[in-house]
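Step one of this worksheet: look at the structure below.
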2 protein chains.
Amino acid sequence: MKIESLAYVPFDEFERVLGLGVDRVTRTAIFAALSRINCLYMIKLAGSGHIGSSFSSLDLVSWICLNGLRREAGAFHDVYFSSKGHDVPGLYSVLTGLGLLEFDLIHRLRKLDGLPGHPDVGTPHVAFNTGSLGMGISKAKGMILADRLKGQERRVFVLTGDGELEEGQFWESLHPAAHRRLHELTVVVDHNKIQSDTWVEKVSGLGDLPRKLQAFGWSVDRIDGHDMTAIDAALSRVPVAGEGPRIIIADTIKGRGVSFMETFGHDEGFYKFHSGAPSNEDYLRAADELVREANRLLAGAGPLRIVESPLPPVAQVTGAQRLVAAYGRALLREAERDPRIVALDADLVLDTGLAPFAEKFPDRFFECGIAEQDMVSQAGGMARAGLLPAVHSFACFLSSRPNEQIYNNATERTKIIYVGSLAGLVPGGPGHSHQCVRDISALGAVPGMVLVEPCTEAEVEAVVELCFRRIPESAYIRLVSVPWKVPFDLPQGYAPSPGKGCALTAGSDAVLFGHGPVLLSEAFEASKLLVKDGVRVRVVDLPWLNRVDLEWLRDAVSGVRRVFTLDNHYLTGGQGQMLAAALAQLAPRGIDGVTLLGVEEIPRCGRNDEVLRAHRLDRESLRERIAAALE
Amino acid sequence: MKIESLAYVPFDEFERVLGLGVDRVTRTAIFAALSRINCLYMIKLAGSGHIGSSFSSLDLVSWICLNGLRREAGAFHDVYFSSKGHDVPGLYSVLTGLGLLEFDLIHRLRKLDGLPGHPDVGTPHVAFNTGSLGMGISKAKGMILADRLKGQERRVFVLTGDGELEEGQFWESLHPAAHRRLHELTVVVDHNKIQSDTWVEKVSGLGDLPRKLQAFGWSVDRIDGHDMTAIDAALSRVPVAGEGPRIIIADTIKGRGVSFMETFGHDEGFYKFHSGAPSNEDYLRAADELVREANRLLAGAGPLRIVESPLPPVAQVTGAQRLVAAYGRALLREAERDPRIVALDADLVLDTGLAPFAEKFPDRFFECGIAEQDMVSQAGGMARAGLLPAVHSFACFLSSRPNEQIYNNATERTKIIYVGSLAGLVPGGPGHSHQCVRDISALGAVPGMVLVEPCTEAEVEAVVELCFRRIPESAYIRLVSVPWKVPFDLPQGYAPSPGKGCALTAGSDAVLFGHGPVLLSEAFEASKLLVKDGVRVRVVDLPWLNRVDLEWLRDAVSGVRRVFTLDNHYLTGGQGQMLAAALAQLAPRGIDGVTLLGVEEIPRCGRNDEVLRAHRLDRESLRERIAAALE
């Protein structure tokens, strides 16, 4: 189904609502209803975003921003932020509605220099960068302790998810807050009962949550998180010095406000509206429901004025390489032949390609919840007991949250396969908490572990076979998640071999080493452009990230005068630095320098093409940079 | 006071006790008393070790190993391990007494190819590598899930500390164990109430521990951990399928068995017997008490036979550089001039040089407990609120446990100083959980953060001033903790400047870049030895670990034909790889190769000299390796 336009609520309608002569409970409820419309608009226009928990939290966020935070000179004096962070489209719709953020930014969610997919302090009124889970209370505590030291007083409201409560840092942060009696701190749990994939209760469950929280010394309340009167009652009371911190469990509904986003059967497979933009059909139905509800609330105050805005056509990608799905198939194949193989997941079954495995081998599939440290150490226990565990999460989390646990496992000299998806700069929409460009560095020195990033589905299959069957060491398999159209084929008969790669193009002016589908594709296209400039670059796919075969390398650079490396990763600790160091050891004749290309600043958020261009890693930029270096 | 010999209980005395015709409670109590004597012996002979919690847990460990674990073909069928790990001398004394470990190993604690300072699976009957806190329950869970999958059944006993319960992973691991009803798992908390520095209650407190644990769905018991009858009663019952996991809070006394180790006033500064060998006086008093108690328990069974063994003289180090103390002084100086500076600690006040700061600025000192993730994110909150936090722990923990939290802070572009002590291969006694040789890699790519390792007290002072005052970026200051006699002086007038270093020796055959007191000293001495071979090596102190000034580097290597780098760190991701990559970019004329020297395998445990030699990083090995490379 095609649609031509999307609908949003213009700023003056928010102004009108804020000026209505109604009580604050009614006003806030109407404001939240309008915000949902714009939140839906932003996510649909962006093409991605987390709608389910933006909607479950929007009544709470609206109340806090309209009534909970004192203002001073046009800005908030008190502080609100979301620890989970992915509900930020809801916050943006509130802040733009309040005139605290430039209203036109609603058209720029997940675009370069627009509104990032997860909170970033570069956006006005955003207190902290969040998006990786479990850090919120700790950050709030630090802010409050700093305030106390400086003799100033602010209230800090933190919103958390409920799946987020599986993270150890959440519990780690609780007791010290009670110990220090941080009355300034109010935590609200957006208890929508569905985490990324499915029901919290089916993942690992939270047990008796109020009892747990009370046992940690916190004052605990429980409310209906969509009952504005209840929210107003629970959050209005201002705590005083001497009281401890307070946590409010707000029972909410994921997708609140849109009937079909609210309904998710207990035995359904996966919740569909955690992330990603709704389909055109779903968008129209959802917008219709939301507008009708807003008009119902506005009642006698006059109907809501809606603005229609064109929906730019979405480019359809065909023939793209889908590495995560290929990984899922390859894992299944390995598991069928090796009963020692088990798979562990941290609430990202769909995003790590594990659904087929989980279905075929339910006894060998372990859903660990959003508890990466626990997951990795459990894998260590399984490996010591003779199994061959494959451990999965997004690369950004897997490489860093359980970093010490991975090292600890490595010192036991067991074999474990780690698989990190969502690696690299793109997709550029989620923002830097999810754009993983530091994993090679963070894990590269783990002893007995090889890091590898395949660039096509075929290479994924071969690398998986190699890692599970043919090498004795542990491995970290790095996977780009975004489907990517790869313009080259790997050479006939090519089979990955540790430390060695394969040439994708011929060329004698320079050689460029890279890894993964995105930047190898850009380099391949750049090399075609450079041919027009009379420059022939040999583009080499080297999937191995922390080791290189020196003899192979000597051959690979023979006859050229300059070497380029290209990392979908920070320059420090990337493949390029490893290769350049190897070249320094070899000191081959005739090479007059190595140029390292890669990520040189914190990843920008935006459309994929915008982000690659902003980092000067798109084909045109690479063409210019390579030509300049060769001059 | 000088002493000539130490006393231990020979193996046949343990055999005699095991054969006594007494009930198992009495037998186990006597066995534990003998084990304490050998545990004291091992730690005194080794010169270091954790005596306080070895003693607090020894009654429990003795009962578990003698009565709790079923045996099969001379080995344990069931599994026991300590999650905290530093109490392993107690376990060694039990295993050697039981004949499960070669008895002569009691003379080889913390020596090369002996018994590691923290558990390592290379030692028979050691299930897991522990020593970094909070991983134990997760590992046990993995083992149990693997057993279930394989259709075998084992009980798993895990001992934890109580300070250890401050770690988030402990809490993260609890609920899923209850959710899966892991009846095979019994956790015993060695609740001695004193963590590394002082009382748990003074650090952050555990609150109502039984209530918390029950709220997580565990079955909770509480016993006197030194009452063998109570231990026997609590641990004898074998759980059955369908029950959940069980945790036993064992109230114990740190230093149990030695009167003056048991007494620690609530308002005393720091507990003295957490780690480190007792003084000669303390040793004699302690041994005397322990032997008298053993004889009292043996009563009619005949007196204990003790063997005297010579105590080798301990070399006295004079004039050593003490970098951590120098850091503490420098921090105090900075804090006096900048009120924004606050210090955060994770239960290592004494080991991170913070005692003077904590005393002078109690309001600006934040003891966060063994909760590194919470600590780092709190620092992030403080920095966003305008403070300049300095964050402290051992390098091994600080660089890896809160790895993602450090990155998250970096993306907020605030300034934070991280200080990791106990960096590098030595001291070699604690073992690889504490020998930090991966931190440069783990943190090197964090954007906006400079990594620096000074080599003398003077350089520490200058680097601290530079990092706090003169550079805009965040910093990670890497500190060797072991006092080290440095045979060189830094050049007159030398002041550290980012990316630049200084030559310690003159030489035109080769240049060697290194960092830190230990390996620069070895390199300096190697260069003196090489002079005798007619080889002149320019040894350069480059304290900057993740950046180098390219112009300075070009000058620094001018006129030599070979470059060496020397890392107190794994080769991957170390300073050497960074420098070699920079040289490849520069491609200076006349250099015929770069040789990277550093740590190439998981750190060995042993005396400092043994460890350096085993890794071929001592002066003699360096002399040979440099000479060989230059041939």
For each of [options], tally heavy-atom pairs with chain A at distances under 4.5 Å, and name the one with the top tally.
options                        : value
B/N408, B/V79, B/T130          : B/N408
B/A178, B/S441, B/A385         : B/S441
B/R364, B/R438, B/M375, B/R211 : B/R438
B/A127, B/C396, B/G122         : B/A127
B/Q152, B/H569, B/Q214, B/R562 : B/Q214
B/M143, B/E167, B/K212         : B/K212

Check your understanding: When rounded to the nearest 0.5 angstrom, what distance separates CD in A/Q378 from CD in A/Q405?
Key ->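 Rounded to the nearest 0.5 Å, the CD-CD separation comes to 11.5 Å.
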With a 4.5 angstrom heavy-atom cut-off, which part of [X] approaches chain B: side chain, backbone, both or neither?
X      : value
A/V599 : neither
A/L206 : backbone
A/R154 : side chain
A/E201 : both
A/A410 : backbone
A/P402 : neither
A/R148 : neither
A/T595 : neither

Taking all atoms of both residues into account, what is the closest heavy-atom pair of [X] and [Y], and its distance?
X      : Y      : result
B/C368 : B/L344 : SG-CD2, 3.9 Å
B/V342 : B/M382 : CG2-SD, 3.9 Å
A/G573 : A/I440 : O-CG2, 3.5 Å

[X] versus chain A, the contacting section by heavy-atom distance below 4.5 Å:
X      : answer
B/E166 : backbone
B/F170 : neither
B/R340 : neither
B/P588 : neither
B/T411 : both
B/Y570 : side chain
B/E600 : neither
B/A371 : both
B/R413 : side chain
B/A140 : neither
B/E372 : backbone

So do the side chains of [X] and [Y] get within less than 4.5 Å of each other, counting heavy atoms only?
X      : Y      : value
A/I591 : A/R561 : no
A/N409 : A/V376 : yes
B/S399 : B/C436 : yes
A/F361 : A/I341 : no

**Study point:** Polar side-chain atom of A/N546 near backbone of A/V446 as donor-acceptor pair, under 3.5 Å
**Key:**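 The answer is no, because no donor-acceptor pair under 3.5 Å joins these two groups.
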Between [options], the one whose heavy-atom pairs under 4.5 Å with chain B are most numerous:
options                : answer
A/S400, A/A582, A/A580 : A/S400
A/A445, A/G136, A/G448 : A/A445
A/A584, A/G593, A/A587 : A/A584
A/P447, A/P210, A/G217 : A/P447

Point to revise | All salt bridge (charged side-chain N to carboxylate O under 4.0 Å, His left out) counterparts of A/D567, not counting sequence neighbours | key: none
Exercise for review: Output all residues satisfying salt bridge (charged side-chain N to carboxylate O under 4.0 Å, His left out) with B/E412, sequence neighbours left out; order by chain, then residue number.
Suggested key: A/K139
Check your understanding: Under 4.0 Å between a Lys/Arg side-chain N and an Asp/Glu carboxylate O for B/K141 and A/D374?
Key -> yes
Have [X] and [Y] got a donor and an acceptor in their side chains that come within less than 3.5 Å?
X      : Y      : value
B/H432 : B/D120 : yes
A/Q577 : A/T572 : no
A/T565 : A/Q575 : no
A/E404 : B/S132 : yes

Exercise for review: Would you please classify the geometry between the A/W171 ring and the A/F216 ring as parallel, tilted or perpendicular, with 30° and 60° separating the classes?
Suggested key: tilted
